[in-house]
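Contents: one structure, followed by commentary.
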Amino acid sequence: MTTCLLYHHRTARRARFYRVEIAMTLFDEVSVLREWGVAGHEGTTCIQTFDNLREASDAADAHRDRMLHHGYTRH
């Protein structure tokens, strides 16, 4: 599952992005990869690992919902 959120403020010069992805690791764990930054440039990344899909999904949903609350839109 991958969610990409984009944000463009009227006074901002560049659009920003926020991406959340869930993936299985080689060690039977589930990772949540988050990437954010300015569109067109390399972003900052953060990876968290979880023991099961439920925990990872809840964490990814919380990150996504927080960014939607901050004005990002889903594309």
Side-chain angles (χ1 to χ4, degrees):
M1 175 198 92
T2 301
T3 299
C4 185
L5 303 174
L6 300 175
Y7 176 78
H8 192 284
H9 192 271
R10 287 179 287 153
T11 60
R13 293 179 11 170
R14 295 187 183 219
R16 300 189 57 79
F17 71 91
Y18 190 87
R19 183 172 72 99
V20 180
E21 180 178 338
I22 296 176
M24 294 298 295
T25 68
L26 295 174
F27 306 106
D28 290 328
E29 296 175 321
V30 185
S31 68
V32 174
L33 168 71
R34 295 183 295 139
E35 182 178 12
W36 62 91
V38 176
H41 292 84
E42 189 173 327
T44 302
T45 60
C46 178
I47 299 174
Q48 293 176 283
T49 57
F50 297 90
D51 292 331
N52 59 59
L53 182 58
R54 170 58 78 196
E55 291 175 0
S57 181
D58 289 345
D61 288 346
H63 291 302
R64 183 199 63 220
D65 292 345
R66 188 177 78 241
M67 290 296 106
L68 288 170
H69 180 73
H70 284 289
Y72 283 73
T73 56
R74 190 175 192 158
H75 288 278

Report yes if the side chains of [X] and [Y] come closer than 4.5 Å at any heavy-atom pair, otherwise no.
X     : Y     : value
Ile47 : Val32 : no
Val20 : Glu35 : no
Leu33 : Thr45 : yes
Gln48 : Arg34 : yes

How close do Ala59 and Phe50 get, counting heavy atoms only, and between which atoms? CB-CZ, 3.5 Å

Which heavy atom of Thr25 sits nearest a heavy atom of Thr49, and at what distance? CG2-CG2, 4.4 Å

Report the distance from atom NE2 of His41 to atom CZ of Arg16, rounding to the nearest 0.5 Å. 11.0 Å

Stepwise side-chain contact (heavy atoms from CB on, under 4.5 Å) check, Ile22 with Leu53: CA-CA 9 Å; Ile22 296 176; Leu53 182 58; 4.0 Å; yes

For the residue pair Tyr72 and Tyr18, categorise the inter-ring angle as parallel (less than 30°), tilted (30 to 60°) or perpendicular (more than 60°). perpendicular

Evaluation steps, side-chain hydrogen bond (donor to acceptor under 3.5 Å, both in side chains), between Arg66 and His63: CA-CA 5 Å; Arg66 188 177 78 241; His63 291 302; 3.3 Å; yes

Applying a strict under-4.5 Å side-chain criterion to I, L, V, M, F, W and Y, I'd like to know whether Met67 and Trp36 cluster together. yes

Is a donor on one side and an acceptor on the other found under 3.5 Å between the side chain of Ser31 and the backbone of Ala23? yes

